[in-house]
Asks: 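I'd like to ask you about the structure that follows.
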2 protein chains.
Amino acid sequence: MTIKEVCEQYHISPDTLRYYERVGIIPAVHRTKNNIRDYTEQDIGFVENALCMRNAGVPVEMVAQYMRLCQQGDETFLARRDLLREVREGIVKQIEKYQRELERLEYKIRRYDDALVTGKLVWDENETI
Amino acid sequence: MTIKEVCEQYHISPDTLRYYERVGIIPAVHRTKNNIRDYTEQDIGFVENALCMRNAGVPVEMVAQYMRLCQQGDETFLARRDLLREVREGIVKQIEKYQRELERLEYKIRRYDDALVTGKLVWDENETI
DNA sequence: ACTTGACTTAGAGTTTACTCCAACCTGTAT
DNA sequence: ATACAGGTTGGAGTAAACTCTAAGTCAAGT
């Protein structure tokens, strides 16, 4: 699979894909004899993993750390699981934070909905804007 | 309320607070006669709003846009509400994305939990890492 | 009077994660 | 043969959001 095909499938740019390889978020991709990247099933798996973790807000350096562990073999199962658990806690916290902000936001939107009818914007106590 | 007190209350740095003022995320803060920032109730309200929106992942420029609308008076209720609705849609999408990645992550963690018992890491079809 | 500590400014520097560029190679189509 | 489409590299550039620095002001304490 060429770099272009992978890009189209995952909606990312070739530059990003090469960048991911450079920083170790994905290991060196298989090449044709002309030195052109030819993504194997396994390479695609690495790309999916990278995108999954990046989408989850995991910093590039942490994904690289995970990949280094993966390449060190079976003794790193525990370290890998712990890293993924850490990532999970981060996402859970982030979702909770977003949900709190979402509530405040919906409250504000309701206030504006009211204001659009009454012509007057009113906040409950503790809210000023 | 001094800049330091506000910082402590909201766990941000004085630099960040001054930066927020500079870029218009919060309007010019009240000053003492010595030109020292002295946050009023209203200023604090602006700070809370800024932090709420930034925590929700809203870009600085969009918060500034919202604040500009707020300072233009009652004719901008509609525009403000629409901006907040847009922000809300963004957060909802982000939460959904995080929840999808969370599921993949929990699957992986379970696989590692198994591997730590059996000594063998096994993926279902479609997963390689 | 002098030091200390907390504030002020403008502007430069940093970090993260890309994104672009110039120069080059190579197989296929005209 | 030559143009073109698509790849390659190292390295420079960019955007966003801070974060730091230098130089200065000011009030209080010794």
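By convention in this document, chain letters (A, B, ...) are assigned in the order of the sequence lines, proteins followed by strands, and residues within each chain are numbered from 1.
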Asks: So, do A:Val92 and B:Tyr98 sit near enough that their side-chain heavy atoms are less than 4.5 Å apart?
Replies: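 Not in contact.
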Asks: Specify the residues of residues 9-22 of chain B, ordered by number, for which at least one heavy atom lies under 4.0 angstrom from an atom of DNA chain C.
Replies: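 B:Arg18, B:Arg22 - these, ordered by number, are the residues of the stretch whose heavy atoms sit under 4.0 Å from the strand.
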Asks: Students should find this one: the first and last nucleotides of DNA chain C, 5' to 3', lying under 4.0 Å from a heavy atom of chain A. What are they?
Replies: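 For DNA chain C, the relevant span reads C:dA17 to C:dG27.
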Asks: If I compare all heavy atoms of B:Pro14 with all of B:Cys7, which pair ends up nearest, and what's the gap?
Replies: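 So the two residues come closest at N-SG, 3.2 Å.
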Asks: State whether the number of non-hydrogen atoms from other residues, nucleotides or ligands found under 6.0 Å of B:Glu5 atom CD is greater than 12.
Replies: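 Yes, CD of B:Glu5 has more than 12 neighbouring heavy atoms, counting only those of other groups under 6.0 Å.
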Asks: Can you name the side-chain hydrogen bond (donor to acceptor under 3.5 Å, both in side chains) partners of A:Ser13, sequence neighbours left out?
Replies: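 In terms of side-chain hydrogen bond (donor to acceptor under 3.5 Å, both in side chains), with neighbours along the sequence ignored, A:Ser13 is linked to A:Thr16.
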Asks: Going by side-chain hydrogen bond (donor to acceptor under 3.5 Å, both in side chains), name the residues that satisfy it together with A:Asp82, two or more places apart in sequence or in a different chain.
Replies: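 Once residues adjacent in sequence are excluded, A:Asp82 has no partner under the side-chain hydrogen bond (donor to acceptor under 3.5 Å, both in side chains) criterion.
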Asks: List in chain and number order the residues that pass side-chain contact (heavy atoms from CB on, under 4.5 Å) with A:Asp124, two or more places apart in sequence or in another chain; answer none if no residue qualifies.
Replies: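 For A:Asp124, the residues satisfying side-chain contact (heavy atoms from CB on, under 4.5 Å) (neighbours in sequence not counted) are A:Tyr107, A:Arg111.
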Asks: If you look only at distance, which donor and acceptor atoms sit under 3.5 Å apart when one is on a side chain in residues 57-66 of chain B and the other is two or more places apart or in another chain?
Replies:
residue, atom, partner, partner atom, Å
B:Glu61, OE2, B:Arg68, NH2, 2.9
B:Gln65, OE1, B:Arg68, NH2, 2.9
B:Tyr66, OH, A:Tyr112, OH, 2.9

Asks: Give the minimum heavy-atom separation between B:Gly119 and A:Phe77, together with the two atoms involved.
Replies: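 Closest heavy-atom pair between B:Gly119 and A:Phe77: O-CE1, 3.8 Å.
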Asks: Please report the end-to-end axis angle for the helix from C:dA1-D:dT30 to C:dT30-D:dA1, five pairs per end, rounded to 10 degrees.
Replies: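 Overall, the helix from C:dA1-D:dT30 to C:dT30-D:dA1 bends by 30° from one end axis to the other.
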Asks: Please give me the minimum heavy-atom distance between B:Gly24 and B:Met67, naming the atom from each residue.
Replies: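 So the minimum-distance heavy-atom pair works out to O-CB, 3.6 Å.
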Asks: Using heavy atoms and a sub-4.0 Å distance, could you list which residues of residues 51-70 of chain B are near DNA chain C? By number, please.
Replies: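 The answer is none.
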Asks: Please enumerate all residues that pass side-chain hydrogen bond (donor to acceptor under 3.5 Å, both in side chains) together with B:Asp113, with sequence neighbours excluded.
Replies: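 B:Asp113 satisfies side-chain hydrogen bond (donor to acceptor under 3.5 Å, both in side chains) with A:Arg81 once adjacent residues are dropped.
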Asks: Can you find a pair of side-chain heavy atoms, one from B:Ile91 and one from A:Gln99, that are under 4.5 Å apart?
Replies: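 No, too far: nothing below the 4.5 Å cut-off.
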Asks: Got a sec? Which of residues 93-102 of chain B come in under 4.0 Å of DNA chain C, heavy atoms?
Replies: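 Heavy-atom contacts with DNA chain C come from no residue of residues 93-102 of chain B; none.
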Asks: Rounded to the nearest 0.5 Å, what's the gap from CG on B:Leu105 to CZ on B:Arg100? Could you check?
Replies: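 Rounded to the nearest 0.5 Å, the CG-CZ separation comes out at 14.0 Å.
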Asks: Identify, residue by residue, the members of residues 24-44 of chain B with a heavy atom below 4.0 Å from DNA chain C, and return them in order of residue number, or none.
Replies: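 Close to the strand are B:Arg31, B:Asn35, B:Ile36, B:Arg37.
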Asks: Give the table of side-chain donor-acceptor pairs shorter than 3.5 Å for residues 29-49 of chain B, with sequence neighbours excluded, one pair per line with atom names and distance.
Replies:
residue, atom, partner, partner atom, Å
B:His30, ND1, B:Asp38, O, 3.3
B:Arg31, NH1, B:Asn35, O, 3.0
B:Arg31, NH1, B:Asn35, OD1, 3.4
B:Thr32, OG1, B:Asn34, N, 3.2
B:Thr32, OG1, B:Ile36, N, 3.3
B:Arg37, NE, B:Glu21, OE1, 2.7
B:Asp38, OD1, B:Met1, N, 2.7
B:Thr40, OG1, B:Gln42, N, 3.4
B:Thr40, OG1, B:Asp43, N, 3.1
B:Thr40, OG1, B:Asp43, OD2, 3.1
B:Asp43, OD2, B:His30, N, 3.2
B:Asp43, OD2, B:Thr40, N, 3.0
B:Glu48, OE2, B:Tyr10, OH, 2.5
B:Asn49, OD1, A:Lys108, NZ, 2.6

Asks: How close do A:Arg80 and A:Gly73 get, heavy atom to heavy atom, and via which atoms?
Replies: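 Shortest heavy-atom contact: NH2-O, 3.0 Å.
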Asks: Which heavy atom of B:Pro27 sits nearest to which heavy atom of B:Gln71, and what is that distance?
Replies: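 Taking B:Pro27 first and B:Gln71 second, the nearest heavy atoms are CB-NE2, 3.2 Å.
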Asks: Is the shortest side-chain N/O distance from A:Lys4 to OP1 or OP2 of D:dG6 below 4.0 Å?
Replies: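 Affirmative; the distance criterion is met.
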Asks: Is there a side-chain contact between B:Leu121 and A:Asp74 (heavy atoms, below 4.5 Å)?
Replies: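 Not in contact.
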Asks: How far apart are the closest heavy atoms of B:Ile25 and B:Ala50, and which atoms are they?
Replies: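 The answer is CG2-CB, 3.3 Å.
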